[in-house]
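One structure is given below, encoded as structure tokens.
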Amino acid sequence: MKRIGRASFTFSQPPRIVGCASAVGKKEGEGPLGASFDRVFDDNLLGEDSWEKAESRLVTEAVTAALEKTRLTAEDIDAIFTGDLLNQCIASTFGMRAMGIPHVGMYGACSTMASSLIGAAVFTASGAARRSIAVTSSHFSSSERQFRYPLQYGGQRPPTAQWTVTGSGAIILGENDSTEAINRAQITAATIGTIEDLGITDANNMGAAMAPVDVKLTP
């Protein structure tokens with residue numbers, strides 16, 4: 001790898017994206033991107049008895065779908081980087097518990113997927129892993145319990161209120177010369193962010209308060 005400035009670096013052997021998959025809830029499936037998701041569930045509980053368990057199931061479904069699409073198994077993966085919005089990242093850790101893949105838990109709020117992807121890319125490019133997975137998740141109902149009014153409170157939401165996505169996405173990375181990665185995008189560079197106070201005082205304007213994390217993808 002080669003450093004560029006203080007926060008960016010490039011990969012001399014860019015890891016390639018072997019495959020990816022997503023699993024989402026009902027609202028996401030009804031949106032304009034509905035046909036692009038691999039698995040859509042009409043029941044946001046996914047047959048579970050809590051929102052948190054439902055989110056764990058979304059993680060399992062996304063990773064399982066990605067493995068099936070690439071005809072790989074959990075034994076073919078050397079490391080998985082996971083994260084979500086809950087305490088101790090319980091959604092992703094419980095979702096991955098049965099697969100037995102060497103695991104790195106990460107938390108970066110809305111930057112978790114980018115952070116996980118950077119971690120997986122560094123592992124794969126360095127040779128620490130032949131294949132690695134980056135996966136993250138959120139669930140509207142479990143996140144609302146922690147960050148805003150609990151759903152049982154029954155507070156009215158304004159039309160402009162943000163809705164946390166109910167879904168999970170997984171990306172499998174392989175080595176640069178991986179036969180599975182032919183004609184796939186590769187990660188050539190990454191930039192990690194710093195903590196900045198942007199002076200945002202509107203508690204409802206969550207987007208403006210997000211610290212940027214960037215992963216550069218090229219064909």
Side-chain angles (χ1 to χ4, degrees), residues 1 3 7-23 52-53 55-67 70 72-139 142-143 146 165 167-176 178 180-181 184-195 210-217:
M1 289 185 292
R3 294 192 61 81
S8 300
F9 48 90
T10 60
F11 297 103
S12 56
Q13 292 293 323
R16 292 185 176 272
I17 295 177
V18 173
C20 58
S22 55
E52 289 77 13
K53 289 181 180 179
E55 185 172 347
S56 290
R57 173 79 181 282
L58 285 170
V59 174
T60 304
E61 293 286 342
V63 173
T64 299
L67 291 172
T70 53
L72 296 171
T73 67
E75 288 72 27
D76 295 317
I77 308 301
D78 297 318
I80 187 165
F81 293 75
T82 75
D84 54 73
L85 293 172
L86 306 182
N87 291 336
Q88 290 80 48
C89 296
I90 58 171
S92 52
T93 52
F94 276 89
M96 288 293 94
R97 180 173 55 173
M99 290 194 176
I101 302 172
H103 174 264
V104 179
M106 306 187 75
Y107 181 88
C110 289
S111 69
T112 299
M113 189 59 189
S115 299
S116 298
L117 194 54
I118 290 173
V122 170
F123 256 54
T124 307
S126 69
R130 294 164 303 161
R131 302 181 193 88
S132 56
I133 298 180
V135 58
T136 192
S137 70
S138 67
H139 192 296
S142 60
S143 298
Q146 294 215 165
V165 69
S168 177
I171 296 176
I172 303 176
L173 298 182
E175 295 171 325
N176 187 267
S178 172
E180 304 118 337
R184 293 284 185 174
Q186 59 184 348
I187 300 178
T188 59
T191 298
I192 56 177
T194 58
I195 306 300
M210 306 287 176
V213 175
D214 178 67
V215 177
K216 182 181 179 182
L217 300 178

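With values rounded to the nearest 0.5 angstrom, F94 atom CZ is found 12.5 Å from E55 atom CD. H139 NE2 to E52 CD: the interatomic distance, rounded to the nearest 0.5 Å, is 8.5 Å. Considering CD of E175 and OG of S126, their distance stands at 9.5 Å, rounded to 0.5 Å. Atom CZ of R3 sits about 8.0 Å away from atom OG of S8, to the nearest 0.5 Å. The structure places CE of M96 at 9.0 Å from OG of S56, a figure rounded to the nearest 0.5 Å. Y107 OH to N87 CG: the interatomic distance, rounded to the nearest 0.5 Å, is 8.5 Å.
The shortest distance between side-chain heavy atoms of T60 and M99 falls below 4.5 Å. Looking at M113 and I171, their side chains come closer than 4.5 Å, going by heavy atoms from C-beta outward. Annotation: side chain of I133 is in contact with side chain of L67 (closest heavy-atom distance under 4.5 Å). No side-chain heavy atom of V59 sits less than 4.5 Å from a side-chain heavy atom of D84. Counting only heavy atoms from C-beta outward, the side chains of L173 and I17 approach each other to under 4.5 Å. In this structure, the side chains of S168 and V135 come closer than 4.5 Å at one or more pairs of heavy atoms. Within the 4.5 Å cutoff, no side-chain heavy atoms of V63 are placed close to those of T82.
Closest of all the heavy-atom pairs between M106 and S116 is SD-CA, 3.6 Å. Taking every heavy atom of both residues into account, S132 and I77 meet most closely at CA-CG2, 4.1 Å. Counting all heavy atoms, side chain and backbone alike, F81 lies closest to G119 at CZ-O, 3.5 Å. A pairwise comparison of heavy atoms in G167 and L58 identifies N-CD1, 3.7 Å as the closest pair. F11 and A189 get closest at one heavy-atom pair: CD1-N, 4.0 Å. When all heavy atoms of I118 and T191 are compared, the closest pair comes out as CD1-O, 3.9 Å.
Listed for the T136 side chain is a donor-acceptor partner under 3.5 Å among the backbone atoms of G83. Panel note: side chain S142, backbone S138; no donor-acceptor pair is recorded below 3.5 Å. Looking at T124, its side chain never comes within 3.5 Å of a backbone N or O of R130 through a donor-acceptor pair.
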